[in-house]
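Have a look at the structure below, then the notes.
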Amino acid sequence: MRPLALAMKRVSEIPMTDTRFDPSKADGRWQRAWDKAGTFTADSNNEKPKSYVLEMFPYPSGRIHMGHVRNYTMGDVLARYKKMRGFEVLHPMGWDAFGMPAENAAMEKKVHPGAWTRSNIEAMKAQLKRIGFALDWTREFATCDPEYYGHEQALFLDMYEAGLIDRRSSEVNWDPVDMTVLANEQVIDGKGWRSGAEVEKRKLDQWFLKITDFAEDLLDGLGDLKDWPDKVKLMQENWIGKSQGLEFGFSLSNGGTLPVYTTRPDTIFGASFVAVAADHPVAQALAGEPEVAAFIEECKKGGTTAAALETAEKLGYRTSITAKHPFTGEPMPLLIANFVLMDYGTGAIMGVPGHDQRDFEFATKYELPITRVIARDFSEASAPMGDEAEPGDGVCVNSDFLDGMSVEDGKAEIIKRAEDGGWGEGTTVWRLRDWGISRQRYWGTPIPFIHCDACGIVPVPKDQLPVTLPEDVDFETPGNPLERHATWKHCACPKCGGEARRETDTLDTFTNSSWYFLRFASQPDDAPFDADEIAKWMPVEHYIGGIEHAILHLLYARFWTRALAHIGKFDVKEPFASLFTQGMVTHETYRLGERGWLSPSEVRIDGEKAFALEGGEEVERGRVIKMSKSKKNVVDPDNIIEQYGADAVRWFMLSDSPPERDLPWSEAGIEGCYRFVQRLWRLFDQFDDSAAGEDKPLARRAHQAIVAVAEDIEALSFNKAVARIYELTAATEKAAPSESRNFAIRALLHMVSPMMPHLAEEAHAKMGADALLADAAWPEHDKAMLVEDEVTIAVQHKGKLRDTLTAPKGASKEDLEAMALASEKVQRSLDGAEVRKVIVVPDRLVNIVT
RNA sequence: GCGGGUGUGGCGGAAUGGUAGACGCCGGGGACUUAAAAUCCCCUGAUCCUAUAGAUCGUGUGGGUUCGAGUCCCACCACCCGCACCA
C-alpha cells in the first residue's frame with residue numbers, strides 16, 4: 001500500500017473542517033437522513049411523470065464486488081437525476097436468492113441454504129447502504145421468500161391453464177456434477193455453466209415453458225427496441241434463429257418416406273445423396289445390423305466442444321436404402337452421417353455438395369457426385385467446381401425448368417411446385433427450443449404439481465399455495481434432497497383425495513428473475529402484482545446490467561412479459577424500454593513464481609516495477625483483466641469506502657472510461673477522485689453571500705455546463721459529464737468572487753449531487769440550507785447565456801492550421817476572409833502565392849486554397 | 001466458418017466532415033514549509049531547429065472522395081466478444 005493510502009486513514013480521524021470533508025462522518029449522516037425522510041420511497045399516487053430505473057438484482061453470494069458498485073452507481077445517478085428533473089422515480093433493489101451456490105455452501109459448510117442466503121443478504125445490504133444508493137428499500141424482497149415464490153407458482157399455474165406449459169419426455173442436458181438438468185442456454189461449449197462439467201444426454205420427464213410459441217413475436221419485438229444495444233438484439237436474433245425453407249418427403253426404396261428440411265430448395269437438382277442423423281428412426285431401424293450399430297456408437301463418441309467439432313471428421317455410413325429424387329426420379333444413396341443433428345429440422349438432409357461446404361467435404365470423402373447448379377452467370381454453367389463449395393448467390397444452372405432463375409426465384413418456384421404437388425411445403429424452422437425448467441435441486445421454487453396414480457398430473461389448488469420448501473433437509477448425499485425427504489413429497493391428491501406425490505423438481509432460477517421487475521412495481525398480498533400499478537410504472541425506463549445476460553435472462557424476461565400479457569394479466573409487451581450493458585471493472589494482475597497470483601494488497605508498485613510486500617521479490621505485472629477471485633486481482637469495495645468514502649468511489653466508477661467499456665481500477669485513480677472530492681469541498685466553502693458583480697464568461701460557462709452535463713447524463717456518457725464538471729470547477733476556482741461565481745458554485749453543487757450525494761448534501765447544509773438537496777431540482781439555465789459573443793476562428797492554408805483569430809460571433813464571410821488574409825502568419829505561409837479560393841465556415845474557420 | 005465490436009500520447013480516453021489529443025492519471029519543474037503531508041502554479045505527442053519563433057510528421061496499414069478526413073467510401077491487418085456441423 002502506498003504511503004498516501006496510509007495517510008488517508010489518519011485523515012478520516014481528523015474532524016471535518018472548512019478545508020477537509022470527512023466522509024466517515026458525513027456519509028452515514030446523510031444516508032440516515034434520506035432513510036428517515038423516505039426520500040427515495042416511490043409513490044405512484046401523484047401526478048408526476050413516472051420513471052422506473054432498474055439494475056439487474058444481485059445474487060447474494062456474500063460480498064458486493066466492484067462490478068456491482070459500477071452497475072448500481074450508474075443506475076443511481078440516473079435515478080437521482082430523473083428525480084431532480086421532476087419524475088417520480090422507482091429505483092428498487094432485491095435479491096435473486098435461489099441457486100446452486102447456496103446448496104454448495106450447505107454441503108461444504110453444513111449450513112442451511114436459507115440461513116446462508118439470509119446472512120449474505122444482510123451483509124450485502126449493509127454494503128449497498130454504505131455507498132449511499134437512492135434505493136426504495138420498502139420494496140425489497142428476496143426470490144426465496146415464500147410470498148414471492150408462492151406468487152410465482154400461481155403464475156406458473158396460470159400459464160399451465162393457458163397451455164403454455166408442457167410436461168414431456170425429452171432428451172436433456174444432464175450435469176453430472178450438479179446432478180441436474182440444464183437448459184440449452186446454460187450449456188457453454190458442451191459444459192455446465194456453473195460446474196464446468198462435461199454435459200451428458202439423458203432422457204427424462206421434464207417441464208417445459210413453450211417459449212417457441214412466442215418465437216416469431218420475440219423476434220419481431222426486437223425491432224421495436226430502439227434503445228437496446230444492437231449487439232444484444234443481434235445475439236437474441238441469432239439465438240432465436242429463424243430460417244425459412246422447404247420441408248418435403250423423399251420416397252425411399254424400402255417403402256418409407258423420409259422428410260427432410262432445406263433452406264436451399266433452389267439447389268434441389270444438385271442433390272446427390274440423402275443423410276440422416278445417427279439417432280434418426282431410419283438409422284435406428286437398421287441398428288440390427290452390427291456394422292450399423294457400431295457406426296452409430298462411433299458417432300456418439302465425438303465431443304461436443306467447439307474444438308472437437310472444428311477438427312471432427314465427417315463420418316458417413318452408406319446404407320442399402322436409396323431415395324428417389326422428386327424431379328429426376330434418380331435413386332440417391334442414403335447415408336447415416338455424424339454431422340446431421342437430430343434436433344434441428346427433421347434430422348435428415350438432402351446433400352447438395354456443390355453449394356454446401358459440409359456436404360462438399362462429405363461427398364469428396366465418400367466419392368459422391370458433385371454438380372454445379374448455381375453459377376455466377378448463366379454462361380458459366382459448365383465451369384468446373386473448385387476445391388470448395390459455392391454457397392453464394394447466383395443463377396440456377398443444370399436445373400431443368402429452373403435454369404436462368406435467380407436463387408430467390410428458384411426457391412419460390414420449387415416451394416410452389418412442392419405445395420401444388422402435395423409432396424412438400426414451405427416452412428419456418430427455429431433454432432430456439434422450448435425452455436426446460438425442471439431442476440433436480442432443493443433451493444428453488446417448488447413446481448406446484450402433484451402426481452396421482454389415478455388422476456395423473458394435478459395442479460396444486462391455488463388456495464394451497466405457496467408450496468413451501470421443507471426446512472429439515474440434509475445435503476450429505478448428492479442428488480435432490482426433496483426427493484429423499486421422509487414426508488414432504490407425500491400428499492393427498494387434490495382431485496380424488498387418494499395418496500399422491502408432490503413434484504420434487506424445482507424451477508430453474510431464471511424463472512425467478514423473469515418477473516421480479518413486476519413485483520417491484522407493485523406488491524399486493526393476494527396477487528403477484530397489480531395491473532394498475534404495472535400500467536403506471538412499466539416498462540422499465542432504464543435497465544442496466546452485464547452483457548452476460550444478453551440471451552438468458554433478457555430473453556426469458558421478454559418471454560414472461562409477453563406470456564403474462566397474452567393471458568391477460570396486463571398490457572405490456574416489452575419489459576425494458578431501454579437496456580444498457582455496462583463494462584467490467586478490471587485490474588492488473590500480479591504473479592510471483594511458485595507463490596502464484598498475488599492480490600493488489602500484497603504488492604507494492606514502484607515506478608514500472610512491482611514487488612511483493614512479503615519477501616520483497618520483484619513481481620511479474622500481468623494483463624489488465626476482469627476482477628476475479630482466481631486471479632486475485634480484486635479490490636474490496638468496503639476497504640476502499642472506508643479509506644476514501646463513498647463519493648470518491650462513486651466518482652471513480654463514473655470517470656474516465658465510457659460506461660460500456662471496461663474500467664481499469666487503479667490506486668492512483670481513486671486517489672485522484674479523493675483529491676477532487678476535497679477540492680470541490682474547498683470550492684463550495686468559498687460560496688460568498690456578500691459577493692457582488694457579474695462575471696459573464698464564468699456565468700456563461702456555468703449555463704453551458706448545466707445543459708451539457710444534463711445531455712451527457714441522459715446519454716449515459718458519465719465520463720463526459722465528469723470531464724465537464726472538472727472544467728467548470730477549474731474555471732470557477734480561478735474566478736474572483738462575484739454573483740456569477742456563486743451561481744457557478746451552486747450549479748456545480750447541484751450537478752454533482754447525483755454523483756457525490758454525501759459531499760453535496762454536506763456542503764448544501766453548510767451553506768445554510770435546511771432542506772435535503774436530494775429533493776432539489778436540476779439547475780435552470782438561461783438560454784441567452786448559452787450563446788457566445790466572440791468566437792475563435794481557425795485559419796488554414798494548404799489544409800493546415802496557420803493562425804487563430806478572435807472574431808465577433810456571426811461575423812460576415814467577407815469580414816472573416818479579410819481578417820484571415822490580414823494575418824501576418826498567414827501571409828508568411830502564403831509567401832506571395834496566388835489565392836485561388838477561400839472557404840469560410842462562419843464562426844468556425846477560414847481555409848485558403850492556393 | 002458466420003455475426004458483431006475495437007484500434008487516437010506513457011495510460012484511461014475527448015473530438016455535429018472544420019484548431020487532434022478536452023478531462024483525468026502518470027511524469028518533470030517550481031512555490032509554500034525548519035521538514036514532510038496537503039495545497040497552489042507551470043510544463044508534458046514525436047522529430048528537426050538558427051529554440052519565447054518556426055517547420056515537418058502524427059489517430060492500426062494501403063488507397064480513394066473532399067478546400068479540409070480520427071470521422072465518409074474501398075481493400076487489408078491485429079485484438080476482443082458472441083454463435084457454431086442449424087441443412
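Atoms considered below: every heavy atom in the structure, side chains included; atoms not considered: hydrogens, waters and symmetry mates. Below, chain A is the first sequence line, B the second, and so on; all start at residue 1.
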For this session: Could you give the distance separating B:A69 and B:G58 at their P atoms, to the nearest angstrom?
Result: 11 Å

Problem set entry | Pi-cation contact, A:Phe362 with A:Lys314 (under 6.0 Å, within 45°) | no

Exercise. Does a distance-only test, which skips hydrogens and angles, find a donor-acceptor pair under 3.5 Å between the side chain of A:Lys720 and the base of B:C23?
Worked result: no

Problem set entry | Distance between P atoms of B:C80 and B:G29 (Å, rounded) | 39 Å

Problem set entry | Spacing of the P atoms in B:U71 and B:A20 (rounded, Å) | 14 Å

Exercise. For B:G45, which nucleotide in any strand shown is its Watson-Crick or wobble partner with both distances under 3.5 Å?
Worked result: B:C57

Problem set entry | NZ or CZ of A:Arg431 within 45° of A:Trp239 ring axis and under 6.0 Å | yes

Problem set entry | Nucleotide opposite B:U34 in a Watson-Crick or G-U pair, distances under 3.5 Å | none

For this session: Assign A:Lys242 to base, sugar-phosphate, or nothing according to its heavy-atom contacts below 4.0 angstrom with the strands shown.
Result: nothing

Exercise. Which is true for A:Val841 with a 4.0 Å heavy-atom rule: it touches a base, it touches only sugar-phosphate, or it touches nothing?
Worked result: base

For this session: Test A:Arg264 against A:Asp356 for salt bridge (charged side-chain N to carboxylate O under 4.0 Å, His left out), laying out the working first.
Result: CA-CA 10 Å; A:Arg264 294 295 301 273; A:Asp356 179 284; over 6 Å; no

Problem set entry | Counterpart base for B:A22, defined by Watson-Crick or G-U wobble contacts under 3.5 Å | none

For this session: Check every strand shown and say whether A:Val340 touches a base, only sugar-phosphate, or nothing at a heavy-atom separation below 4.0 Å.
Result: base

For this session: Report yes if a donor N or O on one partner sits less than 3.5 Å from an acceptor N or O on the other, where the partners are the side chain of A:Arg802 and the base of B:U19; otherwise report no.
Result: no

Exercise. If you measure from the C1' atom in B:C23 to the same atom in B:G17, how many Å do you get, rounded?
Worked result: 24 Å

For this session: Taking all heavy atoms of A:Thr586 and all of A:Lys626, pick out the closest pair and write down the distance.
Result: CG2-N, 3.7 Å

